[in-house]
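Numbered from 1 within each chain, the chains take letters A, B, ... in sequence-line order.
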2 protein chains.
Amino acid sequence: MDLVFRALADTTRRDIFQRVIGDGLSVSSLADDYEMSFAAVQKHVSVLERAALVTKERHGREQIVHGNLSTLRRAAALLDAFEEIWIGRATKIAEILGEKGSAT
Amino acid sequence: MDLVFRALADTTRRDIFQRVIGDGLSVSSLADDYEMSFAAVQKHVSVLERAALVTKERHGREQIVHGNLSTLRRAAALLDAFEEIWIGRATKIAEILGEKGSAT
DNA sequence: ATAGCGTACAACCATATGGTTGTACATCAA
DNA sequence: TTGATGTACAACCATATGGTTGTACGCTAT
């Protein structure tokens, strides 16, 4: 999970990820749209790959980057779990206050 | 957003955050439960604070750390947005396949 | 065969991160 | 007042990160 959130903690990588979810893209076509060097983009893709947020599929001489939704879902589930902890607390507060059914 | 995901990209910090959502805790009571030094925990809290995932409320000589749910929600919303992009693509595929209403 | 494209990877650099220890200071209790 | 507690912060260190350039190598097209 550390790897997943670390991978998402960069604007360029979130942008790459977003572009790649909808449709697979080659590394070079990704790289074309950023100011930085090709190698830098390659590294960003590599970070996403190690976090299992994307996978690469070789196609001829090109390497197509695809988004991996299941990892994204695991991260989203974790954030949801945090929120549920808070809901649990709110419920407890409501119980203490003798209120029913309406959470703030 | 970079700050938020970076803050969440550490097991200790996620643990701190989780413990603090349900109930506010002083920095020292947080620090008691980790092997590392007090200063290290202080730094972790500071990272969470800069990301606006927690706030500190002074109470006497203690500083109570509270979770900030709204920032959590912003992060969760971003992940949901990614997922919706994928759903959009799935819908398109479904359209292409002539299927209706059932996404895989 | 050969030239160009797409990719991989190593070496290098500056800065950020995660940890430490030490010091300082305000607050609560005796 | 004095001492212990809770916090803040600076200095320092090792390692990770995000960028660069350069080199190598497999594919594609001519």
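The separation between A/Q63 atom CD and D/dC27 atom C1' is 13 Å, rounded to whole Å. Rounding to whole angstrom units, CZ of residue B/R13 and C1' of C/dG19 are separated by 12 Å. What separates CZ of B/R50 from P of D/dC9 is a distance of 12 Å, to the nearest Å. In this structure, CG of A/L3 is placed 12 Å from P of D/dA16, rounded to the nearest angstrom. Between B/K56 atom NZ and D/dA8 atom P the separation is 4 Å, expressed in whole Å. Straight-line distance from the NE2 atom of A/H59 to the C1' atom of C/dT7: 16 Å, rounded to whole Å. A straight line from CG of A/L25 to P of C/dT7 spans 11 Å, rounded to a whole angstrom. Atom CD of B/E49 is separated from atom P of D/dC9 by 10 Å (rounded to the nearest Å).
Within the 4.0 angstrom heavy-atom criterion, base atoms lie near B/S37. At a threshold of 4.0 angstrom between heavy atoms, the contacts of A/S26 are confined to the sugar-phosphate backbone, with no base atom among them.
Looking at the side chain of B/A39, the nearest of the listed nucleotides D/dT7, D/dG19, C/dT20 is C/dT20. Distances from the side chain of A/Q42 to the nucleotides D/dC9, C/dG18, C/dC9 place C/dC9 closest. Across C/dG19, C/dT7, D/dT20, the shortest atom-to-atom separation from the side chain of A/F38 is found for C/dT7. Among the nucleotides D/dT7, C/dT7, C/dG18, the one closest to the side chain of A/S28 is C/dT7. The side chain of A/R6 approaches C/dG18 more closely than any other nucleotide in the set C/dA8, D/dG19, C/dG18. Candidate nucleotides D/dG6, C/dT7, C/dG4 were compared by shortest atom distance to the side chain of B/R61, and D/dG6 ranks first. Nearest to the side-chain atoms of B/E62 among the listed nucleotides D/dG6, C/dG19, D/dG18 stands D/dG6.
Using bins of under 30°, 30° to 60° and over 60° for the plane-to-plane angle, the ring pair B/F5/A/F5 lands in the parallel bin.
When the options B/V65, B/I64, B/D32 are evaluated for a side chain to side chain contact (heavy atoms under 4.5 Å, CB included) with B/S26, the one that passes is B/I64.
Atom CD in A/Q18 sits 8.0 Å away from atom CG in B/L78 (nearest 0.5 Å). Atom CD1 of A/I85 is separated from atom CG of A/D80 by 11.5 Å, given to the nearest 0.5 angstrom.
Residues B/K43 and A/T12 both approach DNA chain D. Their nearest nucleotides, taken by heavy-atom distance, put B/K43 toward the 5′ side.
Looking at B/R6 and A/D10, no side-chain N of the basic residue comes within less than 4.0 Å of a carboxylate O on the acidic one, giving no salt bridge.
Close to C/dA26, at under 4.0 Å from its OP1 or OP2, lies no side-chain N or O of B/R58.
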